[in-house]
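First listed ligand is number 1; within each ligand, the first listed atom is number 1. We count residues from 1, following the sequence as given.
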Amino acid sequence: MMKTLVICVLSLFLNFSTATAHSPVGFVVPKDGSVIKKAPEKMEIVFTAPAKLIKVEFSKVTSNQKKSLISGLLGNETLTPIKLNKDHLMNESRRHIISLPKLDDGIYKTAWRALSEDGHAIKGEFIFEVSPEGTDVSGADVKLLIGEGQVKRVRGTKITIKHGPLGELMPAMTMEFSVSDKKVISNFKRGDKIRFQVNKELELIKIELN
Ligand SMILES: [Cu+2]
């Protein structure tokens, strides 16, 4: 029992730290650790397989330290919870969109819990800062993610790809994508080196040999 638990915890840790294995999270918007100029009107949490959000805690973070940048945050933080509506909860989907109230400049933290398709509890958190010194890029305007990779498996309307970073949003990992029509992937096989595009629902839109 103890051994199982340890292995479980260890593999979770590996997933989050290296993101090469089966990470439950494809990407979040705004990106974790990003400093953005314009306050976002919504956040996105996109899982690599359908999941239900069961709790989202969103807070403004104030730090005792003079440093206001995210990199300067080291635990001495006070969280002021910000109320969200609950429309984003309990929908089974890969992509979850969370509406935000109007945000001032500052640092914000999101802690979420979700239930994966197979009933596993998963959780995570991310942080972003709204600052005049930030960049314009939040990831909200991105429509397609473009990447390269290698086919691991093709089965019906599902294709597993070991991919490098997808645009700015998704780190390198191995994961399964779906297609609306299996013809799109029926000519591909394990080992093929490919270029591909997916939308934010992680549906494969385009694939070609690289
Ligand atoms: Cu991925």
M170 near the Cu ion (ligand 1): N/O/S under 2.8 Å:
yes
Are any N, O or S atoms from M175 nearer to the Cu ion (ligand 1) than 2.8 Å?
yes
Do F58 and W112 have ring centroids that are under 6.0 Å from one another?
no
Who passes salt bridge (Lys or Arg N to Asp or Glu O under 4.0 Å) against E117, sequence neighbours left out?
none
Tell me, please, which residues at least two apart from K183 pass salt bridge (Lys or Arg N to Asp or Glu O under 4.0 Å).
none
In H163, the N, O or S atom nearest to the Cu ion (ligand 1) is which?
NE2
Quick check against the 3.5 Å criterion: does Q150 have a side-chain atom that pairs as donor or acceptor with the backbone of G191?
yes
